[in-house]
Engineer: 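Once you've had a glance at the structure underneath, I'll fire off some questions.
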Amino acid sequence: MNEAIPVTRAVDHGTAKLMPDVDRERAWLLTVDGAPQSYVDLDDPAYLEFEYARRLGYVLDTVAEPGLPLDVLHLGGGALTLPRYVAATRPGSRQDVVEADRGLLELVAEYLPLPAGSGVTLHHADARAWLEAAADDSADVLIADVFGGSRVPAHLTSLAYAREAERVLRPGGVYLANLADGAPFGFLRSQLATFAAAFEELALIAEPGVLRGRRFGNGVLVAAHRPLDTTALARRTAADAFPARVEHGTALRDFIGTARPVQDADAVPSPEPPDGAFGIG
């Protein structure tokens, strides 16, 4: 049993709390202002507790041959769950993590340090500003998991942002984003329309109950210029403890409907989740 002591600290954008998992030795939950942000098992970095993180992990597993090192850019750091996952499953990968909250970076570095030789470089910066300064064709994978509190910031939702992401990715690169919405899916549809304007191939991974509008929840957007292995993704997501569907092709175009790409002048944050939408666990 984990007998570590919870840690609470004021960071740049709220109050962060690290809480030990009573069932897993050296495992921690990070919350910011009460909203669950990350879960990390320091002894088993390939273990992904959150459903959306496992879905991101399934995509990471299928974008290239198993174990092949990748250059990965993470927008949003949290407790560095996915950078640790990539380092464990694809040794030798080079990863950059961009996090706007310096206090959060310092807290995680102090209590949940990365192992030596992880290949992960941390940057304190605004995600879009860092992206706009990044070199062309410099990443194999770009993962956007940025939440101001529990909402995706508006400046990370526009077509101009999507085109910056497309520029930084290599021709065979893949963009991933953790998004959250509920029926009637105005935000999610507009995000899919936005990335459809910048990328040739799209997929959406979400629970059937979320897609049917029964509850607010996460959706993982996947975008690329090459065909995605949706068959392998569907197999993995369907076998999860909390099964999800992979929407693509005609079904996804039907879901997008009449939604239009978002321009900077019209960009808004993702909707505020209803109370209890993201329970801890």
Side-chain angles (χ1 to χ4, degrees), residues 18 21 24-30 37-99 104-125 127 130-131 134-146 165 168-178 203 205 220 222-224 226 228-229 231-233 235-237 239-241:
L18 284 172
D21 187 334
R24 294 178 72 95
E25 198 71 29
R26 300 186 74 222
W28 296 81
L29 172 71
L30 168 68
Q37 297 287 332
S38 302
Y39 180 101
V40 169
D41 187 332
L42 296 178
D43 290 330
D44 185 7
Y47 174 77
L48 300 175
E49 171 75 10
F50 291 170
E51 297 157 33
Y52 86 85
R54 291 199 298 276
R55 290 165 194 157
L56 290 167
Y58 296 144
V59 181
L60 287 166
D61 291 344
T62 58
V63 295
E65 289 298 316
L68 185 72
L70 297 172
D71 292 340
V72 184
L73 170 58
H74 303 261
L75 302 181
L80 311 176
T81 303
L82 287 169
R84 299 174 201 267
Y85 180 83
V86 172
T89 59
R90 297 183 176 276
S93 294
R94 294 183 302 177
Q95 302 187 76
D96 289 289
V97 179
V98 182
E99 171 58 58
L104 183 60
L105 280 176
E106 292 172 348
L107 174 67
V108 171
E110 182 178 347
Y111 286 92
L112 309 175
L114 290 163
S118 65
V120 178
T121 304
L122 307 180
H123 308 270
H124 168 238
W130 201 93
L131 186 66
D136 293 1
D137 301 331
S138 55
D140 298 310
V141 180
L142 195 166
I143 304 172
D145 188 11
V146 183
V168 169
L169 282 167
R170 294 181 177 131
V174 179
Y175 176 89
L176 307 172
N178 176 34
I205 307 170
V220 170
V222 189
R226 61 178 170 90
L228 301 161
D229 193 345
T231 301
L233 271 179
R235 187 168 57 247
R236 290 172 184 245
T237 57
D240 192 89

Engineer: List in chain and number order the residues that pass salt bridge (Lys or Arg N to Asp or Glu O under 4.0 Å) with D229, two or more places apart in sequence or in another chain; answer none if no residue qualifies.
Structural biologist: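 For D229, no residue satisfies salt bridge (Lys or Arg N to Asp or Glu O under 4.0 Å) once neighbours in sequence are set aside.
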Engineer: If you compare all heavy atoms of D137 against all heavy atoms of L169, which two are closest, and at what distance to 0.1 Å?
Structural biologist: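 Of all heavy-atom pairs spanning D137 and L169, the closest is OD1-O, 3.2 Å.
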Engineer: Kindly indicate whether the side chain of L104, heavy atoms from C-beta on, has any atom under 4.5 Å from the side chain of H124.
Structural biologist: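 Of all side-chain heavy-atom pairs linking H124 with L104, none is under 4.5 Å.
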Engineer: Closest approach of S38 and G78, non-hydrogen atoms and distance?
Structural biologist: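 Taking every non-hydrogen atom into account, OG-CA, 3.6 Å.
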Engineer: Exactly one of N178, V59, L75, L60 should register a side-chain contact (heavy atoms from CB on, under 4.5 Å) with I143. Which one does?
Structural biologist: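 For I143, the side-chain contact (heavy atoms from CB on, under 4.5 Å) check succeeds only for L60.
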Engineer: Indicate the atoms forming the closest heavy-atom contact of G173 with A224, along with that distance.
Structural biologist: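 Closest approach of G173 to A224, heavy atoms only: O-CB, 3.6 Å.
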Engineer: What's the shortest heavy-atom distance between T81 and Y39, and which atoms?
Structural biologist: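 Minimum heavy-atom contact is OG1-O, 3.0 Å.
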Engineer: Walk me through whether I205 and V222 qualify under side-chain contact (heavy atoms from CB on, under 4.5 Å).
Structural biologist: CA-CA 8 Å; I205 307 170; V222 189; 4.3 Å; yes
Engineer: Quick one: do Y175 and V168 satisfy side-chain contact (heavy atoms from CB on, under 4.5 Å)? Show the steps, please.
Structural biologist: CA-CA 10 Å; Y175 176 89; V168 169; over 6 Å; no
Engineer: Mind jotting down which residue pairs meet the side chain to side chain donor-acceptor pair (under 3.5 Å) criterion with at least one end in residues 59-72? Sequence neighbours excluded, please.
Structural biologist: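 Every side chain to side chain donor-acceptor pair (under 3.5 Å) pair that includes a residue of residues 59-72, provided the two are not neighbours, is D61-Y85, D61-R236, D71-R94, D71-R170.
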Engineer: Working to the nearest 0.5 angstrom, can you tell me the gap between T89 OG1 and L70 CG?
Structural biologist: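 Reported value, rounded in 0.5 Å steps: 8.5 Å.
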Engineer: List the steps and the verdict of side-chain contact (heavy atoms from CB on, under 4.5 Å) for V141 and V86.
Structural biologist: CA-CA 11 Å; V141 180; V86 172; over 6 Å; no
Engineer: List the residues meeting side-chain contact (heavy atoms from CB on, under 4.5 Å) with D240, not counting sequence neighbours, and say none if there are none.
Structural biologist: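 So D240 forms a side-chain contact (heavy atoms from CB on, under 4.5 Å) with R54, Y58, F242.
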Engineer: Can you name the salt bridge (Lys or Arg N to Asp or Glu O under 4.0 Å) partners of R55, sequence neighbours left out?
Structural biologist: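 So R55 forms a salt bridge (Lys or Arg N to Asp or Glu O under 4.0 Å) with E51, E207.
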Engineer: In residues 105-122, what donor-acceptor pairs under 3.5 Å come from side-chain atoms, sequence neighbours left out?
Structural biologist:
from : atom 1 : to   : atom 2 : distance (Å)
E110 : OE1    : R9   : NH1    : 3.3
E110 : OE1    : R9   : NH2    : 2.9
S118 : OG     : V120 : N      : 3.4

Engineer: Output all residues satisfying ring pair (Phe, Tyr, Trp, His ring centres under 6.0 Å) with Y52, sequence neighbours left out; order by chain, then residue number.
Structural biologist: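 Counting only residues at least two positions away or on another chain, Y52 forms no ring pair (Phe, Tyr, Trp, His ring centres under 6.0 Å).
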Engineer: Listing request: all salt bridge (charged side-chain N to carboxylate O under 4.0 Å, His left out) pairs with a residue in residues 113-122, at least two apart in sequence or in separate chains.
Structural biologist: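 Found none.
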Engineer: Going from CG on D21 to CZ on R26, what distance comes out if it is rounded to the nearest 0.5 angstrom?
Structural biologist: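 Here the rounded value is 13.5 Å.
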Engineer: According to salt bridge (charged side-chain N to carboxylate O under 4.0 Å, His left out), does anything in residues 77-87 pair up with another residue at least two apart or in another chain? List the pairs.
Structural biologist: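 Of all non-adjacent pairs touching residues 77-87, none passes salt bridge (charged side-chain N to carboxylate O under 4.0 Å, His left out).
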Engineer: Ignoring hydrogens, what is the shortest heavy-atom contact between P69 and S93? Give both atom names and the distance.
Structural biologist: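 Looks like CA-OG, 3.4 Å.
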Engineer: Specify the closest pair of heavy atoms between G76 and V97, including all atoms of both residues, with the distance to one decimal.
Structural biologist: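 Reported closest heavy-atom pair: O-CG1, 4.1 Å.
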Engineer: Taking only residues two or more places apart in sequence, or in another chain, which ones meet D41 in a side-chain hydrogen bond (donor to acceptor under 3.5 Å, both in side chains)?
Structural biologist: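 With sequence neighbours excluded, D41 shows a side-chain hydrogen bond (donor to acceptor under 3.5 Å, both in side chains) to R24, given in chain and number order.
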Engineer: List for me each residue that meets side-chain hydrogen bond (donor to acceptor under 3.5 Å, both in side chains) alongside Q95, sequence neighbours excluded, and say none if there are none.
Structural biologist: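 Here the qualifying residues are H74.
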